[in-house]
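Structure first, then comments.
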Amino acid sequence: MRSRWVNKATALHLGVIAVLFALQFVLPDYHHVNLARVMVLASFAMGYNIAFGYTGLLSLGHAMFFAAGLYAAGLMALFAGVGAGGGLLLGVIAGLVVAAAVGCLALRTTGVSFMIVTLMFAQAAFLATFYFGEYTRGDEGFVIPSNLRSLFGLSLVEPTTRYFVALTLFSLCMAVSFAIARSSMGRVLAAIRENEERTRMLGYNVFLYKLVALVISGAISGAVGAAYGMLFGYVGATFASIQYSILPLLWVLMGGAATVLGPFVGTLLMFYLVDISSGFTSANMLIVGLALIGLILFFPKGILGTLRERAAPWLP
Amino acid sequence: MDFGPYLLLATLEGAVGAAVLALTALGLSLVFGVMRIVNVAHGAFFMLGAIVAWWVADTLAAGPALNFLAALVISPLAVGAVAVLAERLVLRRLNYNPESTIVATIGLLYVIEQVALMTYGPDARPVVAPLDFRVQLPWFGYSGYKLLVIGASIVVMLAVWWGLTRTRIGLMMRATQFDSETARAFAIPVDRVYGGVFAFGAMLAAIGAVLVVPIQQAHYLMGNDPLLLSFIVVIIGGLGSLRGTVLAAVIIGLSDGIISVFFSPTLAKIIATLIVAMILVIRPKGLFGTQSA
């Protein structure tokens, strides 16, 4: 029984990637760029989901990990001429190191304290981008020179390459999420989320599991940050602001926490909701606010979470 | 100016900041203490208070003193009404689950901020101070209004303390904070206490905002700094401890004022946020707190 479910789930996820692959041939230019952006942001949300969805670590500081990767890649490109490949690697390392350092401290707290501690660290990181404005150029940000934005000799400025890189990143993140959700480690993480004390009593090193989950989550966020900088060419302090910690939370909540595809569904919906609404109002964060309240009130499990509960229990 | 008078000026500026901060943080602390929820929209209530104050002064146009007094009455009432509405429509339905309410109040923060942007606009506008005299010290003149702010804040805090410890409503609030189940068993209308506390917390923020508009202009993003500082104060003071909150507000307000006069404000903020994070890591109950977050 279980193996058939696994197959069904594997088929669904491979199918999603295949559809995304095929879509690039039919989509008009505007949506082509948008979808590439959505896939990159959805990868960020999937990274966030590993901490928040699977482990129950409600972090309000993921912008810090995203920005760590973004600035690692961006600054090294600007000042040392490092290209996209090196930039991505640096992004992973930066996200990993920052997450490990923050995790060692912040994971000593739980619940509301954890949210506030991560928020405070992220705020300090955000302010640091202004304090070192000489290099980062603060709010204004800087543009990564387009000659450095190439991977294996292919220019990332080119929409087709960009789409491919975004899709590859997205597929990799999905594979990691899928593997964690199916692994024994994923089960321990879920156990920690449901009842931390009981898991500790069973003899698991809860702190270590939470740290590993946060580090994986941070490394993915860092990689996505670096990829975002390399693909779209702009690095700025906005990406370190609290808004970029809240957005992945919103996307994951909307799509369904602790589902592999939920972050993508949430990101896609929210992206187009804001995109369409910005046609007639400049206050498009209003939509984000209303969506947050509406979701937490009526769909606390998100779209795929509700679907899994009602119709498709095999959804990972 | 010599170092002595310069320090005095910095201390005075810090004291004004501390006075407003203490009111705002007291509101946040009451809500956390009684309802056990973190209200992220607290800064938005602060901002709303300032904008309503500007709106009252602009519509009334009856001279600075009268404008200000009217704002001081109307603004907290209006903000309190919004808070009651939010509590009824959203928080109550979430059953005050700590994590859900944080997400919901983040949403509320965006809604209030964006509605303010759509109606009030992106400009910063001042309210004229109700009195216009300077206290002449031997070294420099100091705004009399700022001294009034310090006095008004102390009066409000004493009133809150008196209300909490000496009145029946205060007793109900303390009983709910201590043990809401038992309080309910003793026929205390816990739901109404929650609604009242949430509104009262927002009103304290609004009072702080009305006091601050003549010094700092009303702007739709002005709530972010007070929110962060109030968080810091409530955490350092100990989540749920009112005495700790006031003490921490004085310490942080003063040091924020003094540090930002002598050092780069960005560096001061970085250091302050890191210190707060570390305090929470080492002592999750805060410096004076008895309950964990």
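Heavy atoms only: backbone and side chains are in, while hydrogens, waters and symmetry mates are out. Chain letters run A, B, ... following the sequence lines, proteins first and then strands; every chain starts at 1. Please read these numbers as outputs of a predicted model, since none were measured by experiment.
- Under a cut-off of 6.0 angstrom, the local environment of CZ in B:Arg174 is crowded, with over 12 non-hydrogen atoms contributed by other residues, nucleotides or ligands.
- Interface remark: A:Leu297 contributes backbone and side-chain atoms alike to the contact with chain B (heavy atom separation under 4.5 Å).
- Within the 4.5 angstrom heavy-atom criterion, atoms from both the backbone and the side chain of A:Leu286 approach chain B.
- Interface summary for chain B: among A:Leu295, A:Thr109, A:Ile293, the most heavy-atom pairs under 4.5 angstrom belong to A:Ile293.
- Rounding to the nearest 0.5 Å gives a distance of 6.5 Å between CG of B:Leu228 and CG of A:Leu119.
- Residue A:Leu253 touches chain B through its side chain alone, counting heavy-atom pairs closer than 4.5 Å.
- At most 12 non-hydrogen atoms from other residues, nucleotides or ligands lie less than 6.0 angstrom from CZ of B:Arg192.
- More than 12 heavy-atom neighbours from other residues, nucleotides or ligands sit within 6.0 angstrom of CZ on A:Arg200.
- For a residue to count as touching a neighbouring chain, one of its non-hydrogen atoms must lie under 4.5 Å from one of that chain's; by this rule A:Phe298 touches chain B with the side chain only.
- Of all residues spanning residues 102-112 of chain B, those with a heavy atom less than 4.5 Å away from chain A's heavy atoms are B:Ile102, B:Val103, B:Ala104, B:Ile106, B:Gly107, B:Leu108, B:Tyr110, B:Val111, arranged by number.
- Heavy-atom distances place no part of A:Ile242 under 4.5 Å from chain B, backbone and side chain included.
- Both the backbone and the side chain of B:Val281 come within less than 4.5 Å of a heavy atom of chain A.
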Inset, instruction - Start with the C-alpha gap between A:Met120 and B:Leu280, add the side-chain angles, then the distance that decides, and say whether side-chain contact (heavy atoms from CB on, under 4.5 Å) holds. - result: CA-CA 10 Å; A:Met120 291 291 166; B:Leu280 254 188; over 6 Å; no
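- Annotation for A:Tyr131: atom OH does not count as buried by contact number, only 12 or fewer foreign heavy atoms lying within 6.0 Å.
- The CD1 atom of B:Ile282 sits 8.5 Å away from the CG atom of A:Leu105 when rounded to the nearest 0.5 Å.
- Within a 6.0 Å sphere centred on OH of A:Tyr204, other residues, nucleotides and ligands contribute 12 heavy atoms or fewer.
- Looking at B:Leu274 and A:Phe121, their side chains come closer than 4.5 Å, going by heavy atoms from C-beta outward.
- A:Arg193 meets the side-chain hydrogen bond (donor to acceptor under 3.5 Å, both in side chains) test with no other residue; sequence neighbours excluded.
- Contact of B:Leu89 with chain A is made through the backbone alone, with heavy-atom distances under 4.5 Å.
- In this structure, B:Ile270 and A:Ala124 approach most closely via the heavy-atom pair CG1-O, 4.1 Å.
- For A:Phe299, the CZ atom is loosely surrounded, since the number of other residues' heavy atoms within 6.0 Å does not exceed 12.
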